[in-house]
Participant: 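Just passing along the structure, written as structure tokens.
For ligands, and for the atoms within them, numbers begin at 1 and follow the listed sequence. All heavy atoms count here, side chains included; hydrogens, waters and symmetry mates do not.
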Amino acid sequence: MFPESTKSYSYEECKATADWLLAQGPVRPQVGIVCGSGLGGLAEMLKDQLVINYSDIPNFPQSTVHGHAGKLVFGTLKGKPCVCMQGRFHLYEGYPIQKITMPIRVFKLLGVETVLLTNAAGGLNQDYNVGDMMVIKDHINIPGFAGNNPLVGRNDERFGVRFPCVSDAYDRDLQELALEVADELGFSFMQKGVYCVLGGPSFETIAECRMLRTLGADAVGMSTAHEVIVARHCGLRVFALSLITNKSVMDYDSEKKANHEEVLETAELRAAQLEKLIANMVSRIETGNNNTQ
Ligand SMILES: O=P(O)(O)O[C@H]1O[C@H](CO)[C@@H](O)[C@H]1O
Ligand code: HPA
């Protein structure tokens with residue numbers, strides 16, 4: 001028996017949620033998009049929208065963070081059927097890790113093949129500037145080191161195997177596609193690096209930032225890696241992008257203080273460009289395979 005605290009939504013519960021959503025009449029989505037803090041404008045790009053509030057969706061958690069609207073938006077982007085989470089869930093909201101990642105399994109059961117995740121993150125790499133976009137090539141899952149991994153608990157083979165490989169979590173072709181598209185758009189602020197997830201909600205201390213940088217992380221945030229693990233477990237193709245919304249404070253003489261307002265302000269400044277990048281990527285992503293595991 002697994003303890004109650006590790007209880008995930010069951011396959012049947014995820015399926016019931018997916019079936020309920022499909023009964024609302026959307027076209028089965030092939031691409032799933034998760035919007036980071038202040039990046040919910042991505043969902044506005046979808047045509048022929050069907051918008052459903054999280055509060056109306058059976059089994060769905062609720063958004064509690066400013067900059068995360070709490071709506072699931074179905075529609076087409078450059079002709080491809082998509083579903084977009086306008087608002088994601090974070091550990092610090094108090095949900096068990098298995099619950100914050102549940103929508104990814106619902107995506108899978110809706111028919112999604114590829115997920116594109118975005119987030120706001122602090123730049124640990126001192127060569128990064130505020131406003132840079134970092135294509136994530138790998139992650140460091142700090143809560144996972146302490147056993148807080150979304151796959152803890154009973155494994156349901158209908159989703160995936162007990163011990164999934166995540167050394168190839170971030171699809172290389174999608175990383176290349178993002179950089180190619182960014183180049184075509186004339187974006188001169190692209191980076192590629194390692195994202196580190198922490199539990200939050202407190203931002204990092206100076207000593208922690210220095211430690212994370214020494215460990216090889218380029219950016220730090222409080223999301224995404226858990227979703228990526230669950231997405232890979234159920235065979236989804238994954239792309240993730242961090243918007244560097246602030247520079248991590250690494251120096252005891254600095255007067256700078258991380259804050260959520262700056263995160264949202266930077267997100268607003270870069271939102272239109274990020275939307276263009278994602279839209280152009282979606283138009284060029286191969287879909288209709290559903291055999292990506
Ligand atoms: O990762 P997203 O959802 O973009 O949000 C980021 O922004 C918030 C901090 O400002 C944290 O939740 C951090 O994870
Ligand atoms: O500096 C940060 N730290 C953690 N999460 C974040 N999300 C945006 N910026 C940050």
Participant: Consider only side-chain N and O atoms of R105 and T17, and report whether a donor and an acceptor are under 3.5 Å apart.
Facilitator: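 No, no side-chain donor-acceptor pair sits under 3.5 Å.
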Participant: Nearest protein heavy-atom contact for atom 1 (O) of ligand 1: which residue, which atom, what distance?
Facilitator: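 Ranked first by proximity to atom 1 (O) of ligand 1 is S223 OG, 2.5 Å.
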Participant: Checking side-chain polar atoms at under 3.5 Å, does H233 have a donor or acceptor matched by the opposite partner on N155?
Facilitator: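 Side chains of H233 and N155: pair found under 3.5 Å.
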Participant: Using a strict 4.0 Å cut-off to heavy atoms of N119, name the atoms of ligand 1 that fall inside it.
Facilitator: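 What qualifies from ligand 1 is 1 (O), 4 (O).
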Participant: Do the side chains of R158 and E12 get close enough for a salt bridge, i.e. N-O under 4.0 angstrom?
Facilitator: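 Result for this pair is yes, salt bridge flagged.
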Participant: Under 4.0 Å from a heavy atom of A121: which atoms of ligand 2 are those, numbered in the order shown and with their elements?
Facilitator: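 Near A121, meaning under 4.0 Å from one of its heavy atoms, ligand 2 has 7 (N), 8 (C), 9 (N), 10 (C).
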Participant: Just jot down the ligand 1 atoms closer than 4.0 angstrom to any heavy atom of G36, in number order.
Facilitator: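 So the atoms of ligand 1 that pass are 4 (O).
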Participant: If you have a sec, work out which protein heavy atom is nearest atom 1 (O) of ligand 2 and how many Å separate them, to one decimal?
Facilitator: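 Ranking protein heavy atoms by distance from atom 1 (O) of ligand 2, first comes N246 ND2, 2.8 Å.
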Participant: Which of the atoms in ligand 2, numbered in the order shown and given with their element, are less than 4.0 Å from a heavy-atom of T245?
Facilitator: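 Ligand 2 atoms under the 4.0 Å threshold to T245: 8 (C), 9 (N).
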Participant: Going by atom types alone, do Q62 and E93 pair a side-chain donor with an acceptor below 3.5 Å?
Facilitator: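 No, E93 and Q62 have no side-chain donor paired with an acceptor closer than 3.5 Å.
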Participant: Between E13 and N59, does any side-chain donor sit less than 3.5 Å from a side-chain acceptor?
Facilitator: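 The criterion, which ignores hydrogens and geometry beyond distance, is not satisfied for N59 and E13.
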Participant: Do N129 and I244 have side chains that approach each other closer than 4.5 Å (heavy atoms only, starting at C-beta)?
Facilitator: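 No. Closest side-chain heavy atoms not under 4.5 Å.
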Participant: Does the ring centre of Y170 sit less than 6.0 Å away from the ring centre of Y195?
Facilitator: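 No, the ring centres sit 6.0 Å or more apart.
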Participant: For atom 3 (N) of ligand 2, what is the nearest protein heavy atom, given as residue, atom name and distance?
Facilitator: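 Looking at atom 3 (N) of ligand 2, the protein heavy atom closest to it is E204 OE1, 2.9 Å.
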Participant: Using a 4.0 Å cut-off to any heavy atom of M222, which atoms of ligand 2 qualify?
Facilitator: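 The atoms of ligand 2 under 4.0 Å from a heavy atom of M222 are 4 (C), 5 (N).
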Participant: Is it the case that atom OH in Y252 sees more than 12 heavy atoms from other parts of the structure closer than 6.0 Å?
Facilitator: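 Atom OH in Y252 is crowded, with more than 12 foreign heavy atoms closer than 6.0 Å.
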Participant: Any side-chain heavy atom of V197 within less than 4.5 Å of one from P143?
Facilitator: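 Touching, per the 4.5 Å side-chain cut-off.
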Participant: Considering only protein heavy atoms, which is closest to atom 14 (O) of ligand 1, and at what distance to one decimal place?
Facilitator: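 Atom 14 (O) of ligand 1 sits closest to the protein heavy atom M222 N, 2.9 Å.
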Participant: Counting heavy atoms only, name the option from Y195, Y92, F203 that's nearest to atom 12 (O) of ligand 1.
Facilitator: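 Closest candidate by heavy-atom distance is Y92.
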Participant: Which one holds for S37 and ligand 2: side chain close, backbone close, both close, or neither close, with close meaning a heavy atom under 4.0 Å?
Facilitator: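 The answer is neither; S37 stays 4.0 Å or more away.
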Participant: Among R88, H66, H260, H90, which one has a heavy atom closest to atom 10 (O) of ligand 1?
Facilitator: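 Checking each option, the heavy atom nearest atom 10 (O) of ligand 1 is found in H260.
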Participant: Verify the neighbour count for atom NZ of K247: are there more than 12 heavy atoms of other residues, nucleotides or ligands below 6.0 Å?
Facilitator: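 Yes, because the 6.0 Å sphere around NZ of K247 holds more than 12 heavy atoms from other groups.
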Participant: What is the nearest protein non-hydrogen atom to atom 5 (O) of ligand 1, stated with its residue, atom name and distance?
Facilitator: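 Its nearest protein heavy-atom neighbour is S37 OG, 2.7 Å.
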Participant: Starting from atom 10 (C) of ligand 2, locate the nearest protein heavy atom and write down its residue, its atom name and how far away it is, to 0.1 Å.
Facilitator: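 Closest protein heavy atom to atom 10 (C) of ligand 2: G122 N, 3.4 Å.
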Participant: Just jot down the ligand 1 atoms closer than 4.0 angstrom to any heavy atom of V263, in number order.
Facilitator: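 This gives 10 (O) as the contact atoms.
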Participant: Do me a favour and list the nearest non-hydrogen protein atom to atom 5 (N) of ligand 2 with residue, atom name and distance?
Facilitator: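 For atom 5 (N) of ligand 2, the nearest protein heavy atom comes out as G221 CA, 3.3 Å.
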Participant: Polar-atom distance check: A120 versus ligand 2, any N or O pair below 3.5 Å?
Facilitator: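 So ligand 2 has an N or O lying under 3.5 Å from an N or O of A120.
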Participant: With heavy atoms of V263 as the reference, note each atom of ligand 2 found under 4.0 Å away.
Facilitator: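 Heavy-atom distances to V263 below 4.0 Å select 8 (C), 9 (N).
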Participant: Please determine if E262 and K256 form a salt bridge, counting it only when a charged side-chain N lies under 4.0 Å from a carboxylate O.
Facilitator: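 Looking at K256 together with E262, the answer is yes, because their closest N to O distance falls below 4.0 Å.
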